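It should be emphasised that the depicted structure is a prediction, and the values quoted were computed from it without experimental measurement. Throughout, protein chains are lettered first and strands after them, A, B, ... in sequence-line order, and every chain is numbered starting at 1.
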2 protein chains.
Amino acid sequence: MAQASAAACETVGTRNTKQRALVLDAVRSLHNHPTSAEIYEVVHQQNPNVSRATVYRNLGVLSDRGEVLRIPVPNAADRYDFRCDNHFHAKCERCGGVFDIETEGVDPFARITKDYGFQVTGFDLAFSGICSQCANGEADC
Amino acid sequence: MAQASAAACETVGTRNTKQRALVLDAVRSLHNHPTSAEIYEVVHQQNPNVSRATVYRNLGVLSDRGEVLRIPVPNAADRYDFRCDNHFHAKCERCGGVFDIETEGVDPFARITKDYGFQVTGFDLAFSGICSQCANGEADC
DNA sequence: TTTCCTGCAAACTCTTTGCATATGG
DNA sequence: CCATATGCAAAGAGTTTGCAGGAAA
């Protein structure tokens with residue numbers, strides 16, 4: 001349910017560089033929904049020559065490929081997840097921490113407080129897709 | 001269901017200036033989920049002396065007061081809504097347009113395509129609230 | 001040997017902030 | 001009066017991009 005990406009045709013002809021492998025390893029080693037800054041720190045420790053721009057570019061490629069999951073956090077830096085399966089995220093208003101919310105079973109909303117001790121006071125939700133006018137090939141909508 | 005705000009105690013002692021009224025009028029006149037830039041354009045047409053900073057500050061005050069609804073859009077500028085009741089928003093991947101999705105009745109997710117012609121391919125969702133550790137008064141989580 | 005990728009730095013978007021001045025209640 | 005608001009400009013966070021050189025395939 002999180003961010004569906006067209007992982008197929010956009011990634012033909014992409015290469016596997018050392019830098020890209022470092023970024024992927026960093027995301028896989030960090031299980032706390034790291035920001036690009038945190039990923040950069042890890043990558044930079046392995047190889048101080050890797051630039052921020054390369055980390056950003058590779059996070060884009062890897063999330064297009066479906067090898068990492070991009071989590072756009074409202075009013076905050078994007079976060080990345082080594083888990084690519086469908087799950088919700090919950091952000092604490094106080095500490096800013098981002099938590100996984102499993103979506104197995106029914107009624108995940110009502111179960112959040114019970115199962116995670118997370119008191120939901122609100123959420124930000126935006127669907128992505130194609131609107132009817134665009135689907136019909138009309139110019140602008 | 002959208003962005004719960006503590007509209008009460010944060011807004012004591014706020015004033016009603018001409019600029020603030022202009023911002024509120026602009027949001028109420030724009031029914032297309034305007035960005036701050038679009039709101040600024042309208043305000044600026046009424047009074048070219050009003051600065052961007054004032055528009056931003058007043059959008060913050062007005063959404064704290066509950067007079068406008070702030071819609072944080074992932075990877076895009078925040079949008080504002082004259083409607084303050086609970087409803088979802090859907091953003092078209094092609095044209096970037098933001099649409100209202102009513103939440104009355106059950107199973108709004110499954111009804112989106114049928115009722116709005118909007119083909120949902122994914123969505124970005126982040127709950128807000130208080131995590132159990134913060135609720136228990138622990139230092140960091 | 002061509003196409004993709006990299007590093008660097010600069011640019012870019014959106015938003016916030018410091019400061020001196022103005023103004024609403 | 002004086003706390004709140006304002007305008008200006010500058011800073012800030014997060015991210016993207018132009019370019020020349022470098023390295024996968």
Query raised in the report: For A:Thr17, which contact category applies under a 4.0 Å heavy-atom criterion: base, sugar-phosphate, or nothing?
Result: sugar-phosphate
Query raised in the report: Got a sec? Which of residues 22-43 of chain A come in under 4.0 Å of DNA chain D, heavy atoms?
Result: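 Output list: A:Ser36.
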Return the nearest nucleotide to the side chain of [X]; candidates are [options].
X: B:Gln19; options: D:dT6, C:dT15, D:dG14; result: D:dT6
X: B:Lys18; options: C:dG24, D:dA24, C:dT6; result: C:dG24
X: B:Asn58; options: C:dT16, D:dT6, D:dG7; result: D:dT6

Examine distances only and state if a side-chain atom of [X] and a backbone atom of [Y] form a donor-acceptor pair shorter than 3.5 Å.
X: B:Arg79; Y: B:His33; answer: yes
X: B:Arg20; Y: B:Arg15; answer: yes
X: A:Ser63; Y: A:Leu59; answer: yes
X: A:Asn32; Y: A:Pro34; answer: no

Any N/O pairs under 3.5 Å between the protein and nucleotides 17-21 of chain C? List them or say none.
residue, atom, partner, partner atom, Å
C:dG18, O6, B:Arg57, NH1, 3.4

Testing the basics here: between [X] and [Y], what is the closest heavy-atom pair and its distance to 0.1 Å?
X: A:Leu30; Y: A:Glu38; answer: CD1-O, 4.2 Å
X: A:Gly66; Y: A:Cys84; answer: O-SG, 3.3 Å
X: A:Arg28; Y: A:His31; answer: O-NE2, 2.8 Å
X: B:Tyr80; Y: B:Ile71; answer: C-CD1, 4.5 Å

Report task. Take the C1' atoms of the five end pairs on each side of the helix from C:dT1-D:dA25 to C:dG25-D:dC1, derive the two axes, and give their angle rounded to 10 degrees. Result ->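 The angle separating the two end axes equals 40°.
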Query raised in the report: Per the atom types in the model, does the base of D:dA3 pair as donor or acceptor with the side chain of B:Arg15 at under 3.5 Å?
Result: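 Present.
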Report task. Under the salt bridge (Lys or Arg N to Asp or Glu O under 4.0 Å) rule, collect the residues that match up with B:Arg83, sequence neighbours excluded. Result ->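 B:Arg83 satisfies salt bridge (Lys or Arg N to Asp or Glu O under 4.0 Å) with B:Asp85, B:Asp100, B:Glu102 only.
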Query - Partners passing salt bridge (Lys or Arg N to Asp or Glu O under 4.0 Å) against A:Asp25 (at least two apart in sequence or in another chain) - result: none
Given atom [atom1] of [X] and atom [atom2] of [N], what is their separation to the nearest angstrom?
X: A:Leu62; N: C:dC4; atom1: CG; atom2: C1'; answer: 15 Å
X: B:Ile71; N: C:dT15; atom1: CD1; atom2: C1'; answer: 18 Å
X: A:Asn47; N: C:dT6; atom1: CG; atom2: P; answer: 11 Å
X: A:Asp78; N: D:dT16; atom1: CG; atom2: C1'; answer: 13 Å
X: B:Leu59; N: C:dC14; atom1: CG; atom2: P; answer: 14 Å
X: A:Asn49; N: C:dC8; atom1: CG; atom2: P; answer: 7 Å
X: B:Asn16; N: D:dT4; atom1: CG; atom2: C1'; answer: 12 Å
X: A:Arg52; N: D:dT17; atom1: CZ; atom2: P; answer: 18 Å

Query raised in the report: Please, which pairs that meet ring-ring contact (aromatic ring centres under 6.0 Å, His included) have at least one residue in residues 42-79 of chain B, sequence neighbours excluded?
Result: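 Listed by first then second residue: B:Tyr40-B:His44.
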[N] OP1/OP2 closer than 4.0 Å to side-chain N/O of [X]:
X: A:Arg20; N: C:dC5; result: yes
X: B:Tyr56; N: C:dT16; result: no
X: A:Ser51; N: C:dT6; result: no

Report task. Side-chain contact test, heavy atoms from C-beta onward, threshold under 4.5 Å: evaluate it for B:Asp81 versus B:Val68 and give yes or no. Result ->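 No; the side chains remain at least 4.5 Å from each other.
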